[in-house]
Amino acid sequence: MKTISRRIQLSGGNKCFVRCPGCYNFFSNKDYVTEDLLDFLTQLKDKVLVPKVTMSGGEPLAREDMPYILSALKELGYRINLDTVGLSLIRDVIVGQNTLVKKISSEDIISSIDVIGIPFDGSSDDLMNMFRRGLKVDEILGILDDLSSKGANICINTVVHKNNYDDIQNIYELIKPYQSITKWQLFQFMPIGPGGYKNRLKYELSDQQFENLREALDFDTVIDIQLKSRLNRKNKYLLIDGEGVVWIPRQNEHDHWLTEDENNERILIGNISDENAVDKVLDQLEKYDKVLAVN
């Protein structure tokens, strides 16, 4: 059985607890139907090998039936990474003007996933809010305390941009006491999507700067530290948005980063609610990837 060529990044929905000016996500006013999603991923798993599914933003835990979705995916045999701000694991959260998201049992979530990813983009509230507005350092530490006490397998996700570039050591000092943190991913800011492209000049740092960070990191730690450049992630994702649209970013086929790779455009591959959606998506993806292989 053929392995799918891209990592599946699945949006949990169209609500979020925070506002990230550099967000790549395309939000809409319509959510996908849960059974459409599960049918799509059931058929996909029957046709190709899928190493894992990452459930990510919009905020997955703002969706009321997310515990059910995660449990169902686990029963299908998927390896599941859940990327969440995590606020609803420690308290009730208000989304927008008046939508209440009630506190969720972290035990229920942990039992249905393999890894939980928590963002940590600055060692102070000011630095955190430069990229992830509405999030506080003490809240993140409280979430890590809760997850650690429940035995979660935690991954820290840090978007490295020019405002927090010199703060990486300070972030490390805050996360190193947590033995439940097994991995730390440092992502070079990628200027794509509506927010990322619009605000790219506020955050973008050069490839050389990011490589310099790689050389500078020398932490004596058991945490698996992974630096992921924008080139490392170019043409690597198959994304499903909160409405069920399957898409990939419009990026050049060359094996280096070009100015035209920075845009807010996407190539539509299909929709999970379409008839024969899996076959259509795999066919479209294969055609596009053949173009990449030739070039």
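Keep in mind that what you see is a predicted model, and the values were worked out from it rather than measured.
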(request) Would you check if there is a donor-acceptor pair between the side chains of Asp167 and Ser123 at a distance under 3.5 Å? (result) yes
(message) Quick one about Gln188 and Ser229 (side-chain donor to acceptor, distance below 3.5 Å, no hydrogens or angles considered), yes or no?
(response) no
(request) Establish, yes or no, whether the cationic atom of Arg7 lies under 6.0 Å from the six-membered ring centre of Tyr237 and within 45° of the ring axis. (result) yes
(message) Could you check whether Asp114 and Tyr78, counting side-chain N and O atoms only, form a donor-acceptor pair closer than 3.5 Å?
(response) no
(request) Return yes if a side-chain donor-acceptor contact under 3.5 Å exists between Asn271 and Ser273, otherwise no. (result) yes
(message) Would you say Ile109 ends up clustered with Tyr68 if hydrophobic residues are merged whenever their side chains have heavy atoms under 4.5 Å apart, either directly or through other cluster members?
(response) yes
(message) Check for me, please, whether Leu238 and Leu44 land in the same ILVMFWY cluster - side-chain distances under 4.5 Å, paths through other members count.
(response) yes
(request) Return the orientation label for the His161 and Tyr203 ring planes: parallel under 30°, perpendicular over 60°, tilted otherwise. (result) perpendicular
(message) Between the side chains of Asp92 and Lys102, is the shortest nitrogen-to-carboxylate-oxygen separation below 4.0 Å, so that they form an ion pair?
(response) no
(request) Could you tell me which non-hydrogen atom of Phe27 sits nearest to which non-hydrogen atom of Gly13, and how far apart they are? (result) CE2-O, 4.3 Å
(message) Just by distance, no angles: are the side chains of Ser11 and Asp241 close enough, under 3.5 Å, to form a donor-acceptor pair?
(response) no
(request) With sequence neighbours left out, write down each residue that passes side chain to side chain donor-acceptor pair (under 3.5 Å) with Trp257, or none if nothing qualifies. (result) Glu262
(message) Under a 4.0 Å threshold between the charged nitrogen and the carboxylate oxygen, would Asp261 count as salt-bridged to Lys234?
(response) yes
(message) One thing to verify: whether Arg250 and Glu260 come together as a salt bridge, which I'm taking to mean a side-chain N less than 4.0 angstrom from a carboxylate O.
(response) no
(request) Would you name the heavy atoms of Arg63 and Gly12 that are closest together and state the gap between them? (result) CD-O, 3.3 Å
(message) Under 3.5 Å, is there a donor on one side chain and an acceptor on the other for Asn164 and Asp121?
(response) no
(request) Report the C-alpha distance between Lys280 and Asp274 in whole Å, list the side-chain angles of each, state the deciding distance to 0.1 Å, and finish with yes or no for salt bridge (charged side-chain N to carboxylate O under 4.0 Å, His left out). (result) CA-CA 9 Å; Lys280 291 178 181 178; Asp274 292 342; 5.3 Å; no
(message) Checking Asp83 against Asn157: is there a side-chain donor and acceptor pair closer than 3.5 Å?
(response) yes
(request) For the residue pair Gln185 and Thr158, confirm or rule out a side-chain donor-acceptor distance under 3.5 Å. (result) no
(message) Can you tell whether the side chains of Glu107 and Lys150 come within less than 4.0 Å, N to carboxylate O?
(response) yes
(message) On a heavy-atom basis, which atom in Phe26 and which in Asn14 lie closest, and how many Å separate them?
(response) O-OD1, 4.3 Å
(request) Only one of Ile154, Ile168, Leu227 passes side-chain contact (heavy atoms from CB on, under 4.5 Å) with Trp184; say which it is. (result) Ile168
(message) Hydrogens and angles aside, do Gln43 and Asp39 bring a side-chain donor and acceptor to less than 3.5 Å of each other?
(response) no
(message) If I compare all heavy atoms of Gly122 with all of Val137, which pair ends up nearest, and what's the gap?
(response) O-CG2, 3.6 Å
(request) Anything under 30° is parallel, anything over 60° is perpendicular, the rest tilted; go ahead and classify Phe189 against Phe131. (result) perpendicular
